[in-house]
Each structure stands twice: as structure tokens, then as C-alpha cells.
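Input: a single structure, listed below in C-alpha cells.
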Amino acid sequence: MLGKLSWAAIPLHQPIPLVASAVVIVGITAVLVLVIYKGWLPYLWREWITSVDHKRIGVMYIVLALIMLMRGFIDAMMMRTQLAVAAGSAQGYLPPEHYNQIFSAHGTIMIFMVGMTFMVGLMNFVVPLQIGARDVAFPVLNSVSFWLTAAGALLINLSLVVGEFARTGWLAYPPLSELAYSPGVGVDYYLWALQIAGVGSLLSGINLTTTILKLRTYGMGYARMPIFCWTALASNLLIIAAFPILTATLGMLLLDRYLGFHFFTNDFGGNAMMYINLIWAWGHPEVYILMLPAFGVFSAVISTFSSKPLFGYRSMIMATMSICMLSFMVWLHHFFTMGAGADVNGFFGIMTMIIAVPTGVKVFNWLFTLYGGRVRFETPLLWALGFMITFVIGGMTGVLLAIPPADFVLHNSLFLIAHFHNVIIGGVMFGAYAGYTFWFPKAFGFTLHERLGKAIFWCWLIGFYLAFMPLYILGLMGATRRMQHYSEMSWQPLMVVALVGAVIILLGIILTVVQLVVSIRARQSRKVGGDPWNGRTLEWSISSPPPSYNFIDLPQVSAPDSFWLTKQSDKPISDQHHDPDDVTPPTIPSPSAVGFVTAFFAVITGFALVWHIDWMAIMGLLCIVITWLVYAWRNSDDNEVSSQTIETFDASSAKSQTT
Amino acid sequence: MNTASAMLQPIQSDDIPLSERGPAPTRVVVAYGFWLFLLSDIIVFAALFAAYAVLVTRTVGGPSGSQLFNREHVFIETACLLASSFTCALSSLAIELHNKKYTYLFSALTFVLGIAFVALEFIEFTHMIVAGNGPTRSAFLSAFFALVGAHGIHVTLGLCWLVMMMAQVANFGFTARIARRLLCFSLFWHALDIVWIGVFTIVYLGAR
Ligand code: HEM
Ligand SMILES: [Cu+2]
């Protein structure tokens, strides 16, 4: 009846997971009770859960990312404390099978639920505003994508309470992840969660690509798009090209595990190295899917706070697109030790080093943008400057790892861990924070507390260096990754330094919450108009927060940084309609529960598949199909915005901007 | 300053570059988005093809492709699918003319040919499995069943979609939205044909 599910799945004998799941359950229940008690549920349902507005969906993505950052960071703290004590005869407090689940969950959550989610959230919010569109190409699909991502996140976290998570690392290499060596449900949780979230990512990639290529406003040719839109385009093209490989690869592993296929098994002719090749054919593009939007954020931030157009706009586009292409030609650098021979390794090593060239072009463009500008050291710019230094260091250790003989020594050592955290924290996380601080006032109409914002930055910067520079040294001393205990006592001091660094990052994360609370409580006094940073692109030309339809009349654009140019000339932006006689009233799609309902049943289906509860899986799938059939039979989907709504909005935003 | 304000003048001429003409009509947007989806779907198949190419020799003592496949059978299968693509194109013409009768007729033909394809594939699969040559027999057969089966599942889902579309045409007529969906369906159907041509050449004709 319930497949493999039984009471043994609840971690009653393991104190740490038990307490953790109790805390999570109590927390979720508390939030639910509060929401219902305060009567917020109808509002949340109407305005957020069923919303198909790209801005709302973008905000929800970022909320999800921040929550998942806490979860992933708790895992990181557990690993750091374990390694600070588990030297010599001390065994620490985490047994190996638990430690293995922690690093697997940490990696999976940080990449898929923090990095991806944060970047997709920023792109969702910003891209339509920057290209002068009223929404994305497929608003309902956008909501589906978001909720599928949330469904994946929920499944991963469910494994904490019911069952276990994978112990196979964040990429679940076979043969370890095959049924023969991982008979538990951990790998199944991993696989189904990523399949569901992966479909969400793919759909959102298609959606945003179509939006950028087909919905740009009048006059916005390709050479006039803000760089953030270019990097978003590159990133979403990579999603379309790479995520199907992930889906197919994980699908093959699922066939192995569920139906006894032999793609990657040790026996019957399976080939485990094929999995490693396929997964990295997705995995390397994935790191650029995360990194490119962050590059776009930095471009926007640096040119805004230097009060200058971006230096080398066209070379920036070229660099972005060549990174996009090159990212598909380097995957083998993740396993030089496979033994493909000197020629193959040499080729992939050189290709990897070549990526440093367009990246270098970008760094110099940013430097020249700053040079001679009227630089304002606001928080977003601090993140950008911290990024430029940190990322260059990470890039250089990356080039080092791209030398096959060096990689043979450093592969799977803590040196590698230090390298990729160096680029991923210094690049993606700093970019996420920069974008969050930069566009927050656009989303909510008030700014985040500046002093706290700067404190958060310094915590992350200093904390990062303390936490990860020791790992470079430890790696050179021979410490390997995924290691729960070590007997070499001389490593311990550096491990303790790394813990101190992690504690400082913890402070930064706590301050992030404090900053949010403080800023929300002081929102009346922190109110700003449409253009708080003296911005350059179209999103700053409308009020903060923008109306649901973004632009009453689609703007006419005639250059990059068009809003900046308008401010330079004396013509108000409202004079720039492409044709004053042709003002069709904006239409906005009506809210839809399809996304939420689909994701709800996706969680049920995923859970049922993990535990082999066949009837429940079939029911879940059927419910998804029925949901879509009902949706396909609807009669209309777009609401014309009544002129009354527009007037009300204009009146209220005019009022809020004068107060 | 002067150039800036000059550049801000509304442009009204017809020789504006395509990329500057503003948002595309819904029909284009939908078809384009669906195209991108098809591309991603084709990449799923590319990964399965790659796996097949890697594992094709791994028969571990079991039968190889040339021992298993019946070319005549597959030829009839292929003929059905290609013919269904042709009738699908004819029904697209009927849809353009808003002719319900011919739309139903050609869609029904498409459906019958599609069902024939799926049935033939089903027969082939059951024969192999009954003879003990199922996907668990060898890595080669795993890759074969996954690749060809994935295509078969696509065709089956396409048939369900086709039925639903006919019900929608009956219900709503040729509204803009229904026409867009029909367009997407025909794109999907032709894409499956393209994938099948790959399967036919690489898997069946290339069998060793
Ligand atoms: C915020 C501070 C962070 C700390 C203190 C931290 C710490 C750690 C530690 C201790 C490990 C295990 C290393 C080992 O195998 O010995 C690890 C692994 C990993 N981390 Fe982080 N991390 C942080 C942030 C991130 C972020 C932001 C990401 C990605 C967006 C990330 C992605 C990963 C991945 C993919 C792994 C590899 C997991 C595996 O071995 O399968 N981490 N991290
Ligand atoms: Cu890589």
C-alpha cells in the first residue's frame, strides 16, 4: 500500500535529524498558523500564489532563494564545525553516513535552490522592465516554472524528515549512486527533486529567451539592449541547450534504478564514465548559467554608480556570447583523471584557459568604466568591487586547475573546494546580493538600510577570505574533499580559521534578515521615487513599485542607456510614445492557480515515486493532466486594464512619491 | 545633447530594422517559444543518441542489433510515420482555410497512421522482451529501449494531444488560440518525424 514507506523512515533514533526536522515542522506550522490567524491567506492566494505577474514571481523566487540559503548554510556550518574538531582521535559529532548526506544536500541546495533560483528571480523581475515589456512571453508558464522549482526544494527538504538524502555528492556519480551501492531512497529524492525543478528551469529558460528575443519595445534593437538583458539571454540560451542533457542523464540513472536498465552499472556493459561526461556537459554550462546574469548585474551596477555608460558595450556583448559558446567545450576539465590521454586533456585544458580571455575583457571593461567616472560607493558598488578582486583570484586558481598535470595533484582536494567557492561566492553570491540591494527599491518602493548593507558586505568579504583561503593551503598540504575526519593534526589550526570565517559569514546572513526587518519597519521614512540611484535603463523610468502592467505606453528607445539620455535631454519620457494616436490599453493576464496546483501534485507524484507508491504516483500524474485539461478549456485569459485602475495607480503612486 | 534629443525623435518609417519594430504578435511569440521547446526536446534525444552510440557494442553476449531488427517491419513503421506527417501537413492547410470537414478528415488519417506506428513499435518491443531481450539484458538493449521508447512515448503523447485538439476545434472552432495550438501540434509532429529519421538511420540501418 505504501511502497517502501514505513515508520523506519522517520529518524527517531538520530538526534540531529530529528531535532532539525522538528524545528522545520514547528517553523512551517508557526508561519501557517500566523498567516491564517491574521487572515492573510486570501490576500496571499490572490496576490502572490496565483499571481502571474513577472515581478511578483521574481520576488517569490528570491524569497525562496534566501530561505534555501539559510538551509544550505546550516549544512555548511555543520561541516565546518565537524572538521574543526574531528582531528586525530576525536571523531566529531557527525557520523560519516550523516556527514555524507550533509555535503550532498549542501551542494545540491546551494546550486539548484540558491544560485539558480536567485538568478532566475532577478532575471524574471528585471528583464521585462529593461526591455520595455508588460510581462514575459508566457506568464502562466512562468508561474508553473516557479512553483515547480519550489516543489523540488520542498522534496529535498522533505528528505530531512521522511527518509534520508543522497550520500553521493551533489552530482550523484554512479556506480555509487546505482541501486547496488545506494539501495536507500536518498538518491531517489535527489533525482526526482532535480527532475521536477529541472523542468521548471527549462520552461523558465524558454520563457525568458522568447521574451528577450520577441517582446522588446519599439526601437530596442540588439545593440541597444542593456547588458543585463544580454547576459540573461546568454544564460537562458544555455539553459535551453544544457538542461535537457541533465534531464536525459538523470532519466537514464532513474531507469537504471527503477527498471533495471544498465546505462551506468558495473555489470552488463554499463559505462559509468558516460554519466560523468554527460552530467558535466550540463554542469559546466550550468556554472555559466549562474555566472553570466551576475556579470550583467555588475555591469549595470558599475555603470550606474560610475555615472558613465559601460565601457566597451559591444565588446561586452561579444565576450558574453563567446563565453556562452565556449562553456560547452570544456566539460572534460572536471575529470582530467579519467585518463583520456594527453591530447584530449591538452585540448580541454587549453579551451578552459581560453575562457579566461573574454572574462578578462569583461574585467577590464568594468575597470575602464570606473576609471574617470563620478563613482558613488553605495552598497551595490561595494559588492561589485569585492567581486572584481575575489573573482580574479578564483579565476587564476581555475586556470591553475586547468593545467592537467597540476589537476592530477589537486583533483578532489580542498584546493578545488576553495577554487569553486571562490568563484561561486565571489561571483554568484556577490552578484545576487548586488542585484538584491540594487533592485530592491524598484520592487518595493523603499530602500534597504545602507549601513547594515555595508556591514553585510564586509562580513561576507572577510568571512569568505577567512573561510576559504585556508582551504587552498590545506589542499596543497594534501587534504581531500568530502572528508569527515582526519588524522593529520597539523591541519587543525587552518580548519579552525575556516570555521571562524564561516561564523563571520553567518553574521552576514543574520544581518541580512535584520536589514530586511529594519528596512520594512522604517519603510515610510525610506520611501523613494522611481529613480533612486540615478539609473540608466528603462526600469528606472517608471514608478517604484511599478504598476502591474509596467508601461502604460510602450516606450520608444533609440540608444543603449535610453533613460539616461532622456534625462540628459529636456524631453520627459512620457513624450516618447512611438505613436501617440495608437494607445491600445494594456492587457494583463489574469491570475491562475495552474502553477501552484501543478506543483502541488508534482510533489505528491515525486514523493510517491521516491517511495514506490505506485497508485499515488499515478493519481498525482492524472491530477496534473486534469489540471492542464481544465486550463486548456478556459474561455479567456487576458484582462484589459481598466482606465480606472490606471488612474487609481497614478494617483496613489503620485501621492506616495510626494510624501 | 543635441544628438541625444535628435535620436529620441519617434521613428515612423517602414525601413526600421526588424529588430527595432517592437513586440511581435502573439502567434509569432507562441510559435517561437514552442520552437525553442522543440529544440530542447531534440537535445534530450541527442543525449540518448550519444548514450546509444557509446553502448551499441556492449551486447555482453546478448544479441546485437542486426540479429534483432526486422528491417521490413521497421520500414512499414517508418512509412506510417512519414505518411502521417504528410496528412498532418494537409490538415494544416485545411486549418488555414478554416475547413472543419477536411481538418477532421486529415487529422483522423494522421491519428490512424500514428496509432499504426505505435502499435508496430509495441509489437516489436513485446517480441523482443518475450524472447528475453528486454532492456535489462545488456547495456546495448538498455540504450535501444530508452531511445526508441522515448520517441514512442512522444508519439503517443502527440496522439493524445491530437484528440484533444479535435475536441477543442469542435468546441471552440478556429479561434486564434486554437489555431496557435494546432500550429504547435504540427510543429511537434514534424519534429518527431525528424527524430525518427535519425533513429531509423542510426539504429536500424546502422545496426551491426
Ligand atoms: C556561504 C558559505 C559556504 C560555506 C562555509 C561552504 C562550505 C562548504 C563545505 C565545508 C563543503 C564541503 C567540502 C568538502 O567536501 O570537504 C562545501 C561543498 C560544496 N559547496 Fe559550499 N559553502 C558555502 C557556500 C556555497 C555556495 C554559495 C555554493 C553554491 C552556490 C556552494 C556549493 C558547494 C558545492 C557544490 C559543494 C560540493 C558538494 C559535494 O562535495 O558534493 N557552497 N561547501
Ligand atoms: Cu567546468
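Letters A, B, ... mirror the listed sequences (proteins, then strands); counts begin at 1.
- Side chains of Q168(B) and W633(A) form a contact here, defined as non-hydrogen atoms less than 4.5 Å apart.
- Once rounded to the nearest 0.5 Å, the distance linking CZ of F37(B) with CG of L141(A) reads 10.0 Å.
- Under 4.0 Å is where a charged nitrogen must lie from a carboxylate oxygen, and between R216(A) and E20(B) no such pair does.
- Separating the NZ atom in K214(A) from the OG1 atom in T26(B) is a distance of 13.0 Å, to the nearest 0.5 Å.
- For CH2 of W35(B), the number of neighbouring non-hydrogen atoms (other residues, nucleotides, ligands) closer than 6.0 Å is 12 at most.
- Environment of CZ in F122(B): sparse, with no more than 12 heavy atoms of neighbouring residues, nucleotides or ligands closer than 6.0 Å.
- Considering every non-hydrogen atom in both R177(B) and R634(A), the closest pair reads NH1-O, 3.3 Å.
- Atom NE2 of H190(B) has more than 12 neighbouring heavy atoms from other residues, nucleotides or ligands inside a 6.0 Å radius.
- We find the CG-CD1 distance between L38(B) and I240(A) to be 11.5 Å, quoted to the nearest 0.5 Å.
- Residues P23(B) and Y218(A) have side chains in contact (heavy-atom distance under 4.5 Å, counting atoms from C-beta outward).
- Shortest non-hydrogen contact noted between A47(B) and L278(A) is CB-CD2, 4.4 Å.
- One finds the CG atom of N271(A) at 4.5 Å from the CZ atom of R58(B) (value rounded to the nearest 0.5 Å).
- When L213(A), N207(A), L259(A) are compared by the number of non-hydrogen pairs under 4.5 Å with chain B, L213(A) comes out ahead.
- Residues M220(A) and R21(B) fail the side-chain proximity criterion, which asks for heavy atoms closer than 4.5 Å.
- Looking at A167(B), the atoms closer than 4.5 Å to chain A (heavy atoms on both sides) sit in the backbone and in the side chain alike.
- Side chain of H262(A) to main chain of T136(B): a donor-acceptor pair is present (N/O by atom type, distance under 3.5 Å, no hydrogens or angles).
- Of all heavy-atom pairs spanning F263(A) and S142(B), the tightest one is CZ-O, 3.7 Å.
- Per-residue counts of heavy-atom pairs under 4.5 Å with chain B were compared for A137(A), G269(A), G270(A), A248(A); the largest is that of G269(A).
- The shortest distance between side-chain heavy atoms of L255(A) and F145(B) does not fall below 4.5 Å.
- One finds the CG atom of L202(A) at 4.5 Å from the OG atom of S40(B) (value rounded to the nearest 0.5 Å).
- If you measure heavy-atom distances from F172(B) to chain A, the contacts under 4.5 Å come from the side chain alone.
- Both the backbone and the side chain of L215(A) come within contact range of chain B, each with at least one heavy atom under 4.5 Å from a heavy atom of that chain.
- Contact of V29(B) with chain A is made through backbone and side chain together, with heavy-atom distances under 4.5 Å.
- Taking 4.5 Å as the limit, some side-chain heavy atom of Y222(A) sits within range of a side-chain heavy atom of S19(B).
- In this structure, no portion of A242(A) lies under 4.5 Å from any heavy atom of chain B.
- No more than 12 heavy atoms of other residues, nucleotides or ligands shown are found within 6.0 angstrom of CD on E96(B).
- When heavy atoms are compared at a cutoff of 4.5 Å, F138(A) approaches chain B solely by way of its side chain, counted from C-beta outward.
- Among V44(B), T59(B), T175(B), the residue making the largest number of heavy-atom pairs under 4.5 Å with chain A is V44(B).
- Annotation: side chain of L141(B) is not in contact with side chain of F261(A) (no heavy-atom distance under 4.5 Å).
- When heavy atoms are compared at a cutoff of 4.5 Å, I43(B) approaches chain A by way of both its backbone and its side chain.
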